[in-house]
> 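Below: one structure in C-alpha cells.
In what follows, every chain begins at residue 1, and chains take the letters A, B, ... in the order their sequences are listed.
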2 protein chains.
Amino acid sequence: MASSRLQRQLKKKKPFDSPEQEANLNILRTNDRFENRLGKFFREYGLTASQYNVLRILRGEGKPLPSLEIAGRMVQVVPAITGLIDRLEKQELVTRKRCSKDRRVVYVEITDKALEILSQMDKPLAKLHRELIGHLSPQELKELSRLLEKARQSVENNATGAS
Amino acid sequence: MASSRLQRQLKKKKPFDSPEQEANLNILRTNDRFENRLGKFFREYGLTASQYNVLRILRGEGKPLPSLEIAGRMVQVVPAITGLIDRLEKQELVTRKRCSKDRRVVYVEITDKALEILSQMDKPLAKLHRELIGHLSPQELKELSRLLEKARQSVENNATGAS
DNA sequence: TGTTATTAGTTTACGTGTAAACTATTATTA
DNA sequence: TAATAATAGTTTACACGTAAACTAATAACA
C-alpha cells in the first residue's frame with residue numbers, strides 16, 4: 001500500500017508530486033492502453049480509430065454532414081479532417097459533395113459499403129468494450145463516467161474550438 | 001438527467017449501447033482534452049509530450065538508460081523511440097553512448113541543458129495539473145485513480161510489450 | 001458597388017505511433 | 001566451431017494531430 005500501482009509501473013523512485021498529477025497520469029496511461037487495443041481492433045477491419053469515428057458520426061446522423069461539422073464532433077482541430085476524408089473517399093467509404101447553396105461547404109456522405117462494415121463491427125466492438133472495462137461493477141462504471149465528466153469541465157468551458 | 005453530458009456533447013440521438021462503452025468513450029474524450037492542453041504547455045518550452053516524457057524518465061532514473069528501456073516505460077512500441085531520441089539529441093537535450101560490453105545497446109543520457117529546462121517546468125506543470133483536475137475533491141481524485149487502475153487491469157496482464 | 005472581414009476547406013511542414021523489414025551484435029546449440 | 005536464434009536498434013511507409021499560411025466563396029458594410 002506504500003506505493004500505488006501506477007507508481008510501481010513507472011518505476012518511479014519518488015511519490016507523485018500530487019494526487020492531481022497521479023490522476024492525470026492515470027487518465028493518460030489508461031487511454032494509451034485502451035487506444036492501443038482499440039486500434040488493433042479497428043485495423044482488423046482496415047480502419048483506423050479516427051476513420052471509424054468519422055463513419056460512426058455519419059451513421060449516427062443519418063445524413064451527409066459538412067466536413068467541419070464532423071471535425072467539430074471529434075476532439076481535434078481543422079486541417080486533419082481533409083486528409084482523413086481523402087483516405088475514406090479513396091476506400092469508397094464516403095463521398096464528397098459540394099453544397100450548391102454555399103459552394104464553400106463540402107458535404108460528406110457515408111456509403112453503403114461503409115454501413116455494411118460498421119454493422120459487422122457493432123457486436124465485436126461491444127464485446128471488446130466489455131472486455132476492456134466490464135470487470136468494473138455497474139456502480140463503478142457510473143462513478144467513473146461521472147468523475148471523468150466532472151474532470152473535463154475544466155477544459156470544456158474554455159473554448160477549444162469544438163462543441 | 002435523461003441524457004448524459006457526453007451524449008449531448010456528441011449530439012448522439014440514441015443512448016449509449018452500454019455503460020461500458022460510455023465509460024470507455026469518457027476516458028478517450030477526457031484524455032484528448034487533457035492531452036491537447038498539456039501539449040500546448042509543453043510547446044511553450046519547445047517540447048512535445050513524448051519528448052517531455054523521455055526527459056522525465058531520464059531525470060527520474062538519475063542515470064543513462066538503454067533506448068528500449070525508455071520505450072518500455074512509455075506506453076508505445078519500439079521504432080518510434082529512435083526518431084524521438086534523434087530529435088532530442090539534435091536539440092542537445094540527450095546524448096547517445098554505445099555500451100562497450102554489449103555493443104548493441106545504446107545508452108541515452110540527459111544533459112544539463114535538459115535538466116535546467118525540466119526544473120523550470122516543474123512548478124508551472126504542477127499548477128496546470130491542478131487547473132485541469134483540481135476541482136475534484138481529494139476523495140474523488142483518489143477514487144478516480146483507483147477506478148482507472150482497476151480499468152487498466154484488463155490490458156496490463158496481456159503483454160503489450162511494456163513493463 | 002467595391003473593399004474588407006469571415007467562413008469552409010486545403011496545403012505544407014513537422015512530430016510521432018504502428019507495422020514490417022532490415023542490420024549489427026550476442027547467445028545458443030548441434 | 002559453424003549455423004541458427006534472439007536481442008537492440010534502425011529504417012521505411014503510412015496515418016494522424018498541430019500550427020501556420022493559403023484559396024475560394026460568402027457576408028458585411030462604408
> With a non-hydrogen cut-off below 4.0 angstrom, is Leu84(A) in contact with a base, only sugar-phosphate, or nothing?
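Here Leu84(A) touches the backbone only, sparing every base.
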
> Dump the pairs, protein N or O against N or O of nucleotides 25-29 of chain D, anything under 3.5 Å, distances to one decimal.
unit_1, atom_1, unit_2, atom_2, d
dT26(D), OP1, Arg103(A), N, 3.1

> In whole angstrom, give the distance that lies between atom CG of Asp86(B) and atom P of dT16(C).
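The distance from CG of Asp86(B) to P of dT16(C) comes to 10 Å, rounded to the nearest Å.
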
> If I take atom CG in residue Leu38(A) and atom P in nucleotide dG17(C), what distance separates them, rounded to the nearest angstrom?
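The distance from CG of Leu38(A) to P of dG17(C) comes to 18 Å, rounded to the nearest Å.
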
> Quickly, which of Leu141(B), Leu136(B), Ile133(B) forms a side chain to side chain contact (heavy atoms under 4.5 Å, CB included) with Leu147(A)? Name it, please.
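With Leu147(A) as partner, Leu141(B), Leu136(B), Ile133(B) yield a single side chain to side chain contact (heavy atoms under 4.5 Å, CB included), made by Leu136(B).
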
> Would you check if Leu88(B) and Gln51(B) make a side-chain contact, meaning some heavy-atom pair closer than 4.5 Å?
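Yes; the side chains approach each other to less than 4.5 Å.
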
> Look at the side chain of Pro79(A) and decide which nucleotide, out of dA19(D), dT10(D), dA8(D), has an atom nearest to it.
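So the side chain of Pro79(A) is nearest to dA19(D).
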
> Without decimals, in angstroms, what is the distance between Glu89(A) CD and dG9(C) C1'?
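Going from Glu89(A) (CD) to dG9(C) (C1'), I get 14 Å.
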
> Applying side-chain hydrogen bond (donor to acceptor under 3.5 Å, both in side chains), run through Glu143(B) and Gln139(B) and close with a yes or a no.
CA-CA 6 Å; Glu143(B) 178 67 359; Gln139(B) 291 77 16; over 6 Å; no

> Leu88(A) CG to dC14(D) C1': how many Å, rounded?
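Distance check: Leu88(A) CG to dC14(D) C1' gives 15 Å.
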
> In a check of side chain to side chain contact (heavy atoms under 4.5 Å, CB included) between Leu84(A) and each of Val94(A), Val54(A), Ile70(A), Asn53(A), which one passes?
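Testing each of Val94(A), Val54(A), Ile70(A), Asn53(A) against Leu84(A), the sole residue satisfying side chain to side chain contact (heavy atoms under 4.5 Å, CB included) is Val54(A).
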
> Can you tell me how far C1' of dG17(D) sits from CD of Glu35(A), to the nearest Å?
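Glu35(A) atom CD is separated from dG17(D) atom C1' by 11 Å.
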
> Ignoring the backbone of Gln51(A), work out which of dA19(C), dG9(D), dC16(D) is nearest its side chain.
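So the side chain of Gln51(A) is nearest to dC16(D).
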
> To the nearest Å, how far apart are Phe42(A) CZ and dT18(C) P?
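So the CZ-P distance, Phe42(A) to dT18(C), works out to 15 Å.
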
> Rounded to whole Å, please give me the gap between CD1 in Ile85(B) and P in dT11(D).
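Nearest whole value for this atom pair: 13 Å.
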
> For the residue pair Arg98(A) and Arg103(A), what are the closest heavy atoms and their distance?
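Heavy-atom minimum between the residues: NH1-O, 2.8 Å.
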
> Measuring from the side chain of Ser67(A) (C-beta onward, heavy atoms only), which nucleotide among dT10(C), dG17(D), dG9(D) has the closest atom?
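Closest nucleotide among those given: dT10(C).
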
> Give Thr82(A) one of three labels, base, sugar-phosphate or nothing, depending on what nucleic acid heavy atoms sit under 4.0 Å from its own.
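Base contact.
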
> Tell me if a side-chain donor or acceptor on Asn26(A) pairs with a main-chain N or O of Glu22(A) at a distance below 3.5 Å.
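Pair found, side chain donor or acceptor close to backbone of Glu22(A).
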
> Can a side chain N or O of Thr48(A) be found less than 4.0 Å away from OP1 or OP2 on dA15(D)?
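No, outside the criterion.
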
> What does Arg43(B) touch in the nucleic acid at a heavy-atom separation under 4.0 angstrom: a base, only the sugar-phosphate, or nothing?
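Sugar-phosphate: the residue Arg43(B), judged by heavy atoms under 4.0 Å, touches backbone atoms but no base.
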
> May I ask you to evaluate whether Asn36(B) reaches the phosphate of dG17(D), defined as a side-chain N or O under 4.0 Å from OP1 or OP2?
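It does not, given that no N or O in the side chain of Asn36(B) lies less than 4.0 Å from OP1 or OP2 of dG17(D).
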
> Look at Arg96(A) and dA8(C) and indicate whether a side-chain polar atom (N or O) is within less than 4.0 Å of OP1 or OP2.
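Result: no.
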
> Give the rounded distance in Å between these two atoms: CZ of Arg37(A) and P of dT18(C).
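Going from CZ in Arg37(A) over to P in dT18(C) covers 14 Å.
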
> Spell out, as yes or no, whether a donor-acceptor pair under 3.5 Å connects the side chain of Lys40(B) to the backbone of Glu35(B).
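No, because the side chain of Lys40(B) does not come within donor-acceptor range (under 3.5 Å) of the backbone of Glu35(B).
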
> Return no unless some side-chain N or O of Ser50(B) is found under 4.0 Å from OP1 or OP2 of dG17(C).
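Indeed, a polar side-chain atom of Ser50(B) lies that close.
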
> Are there more than 12 heavy atoms of other residues, nucleotides or ligands under 6.0 Å from atom NZ of Lys113(A)?
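Yes, because the 6.0 Å sphere around NZ of Lys113(A) holds more than 12 heavy atoms from other groups.
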
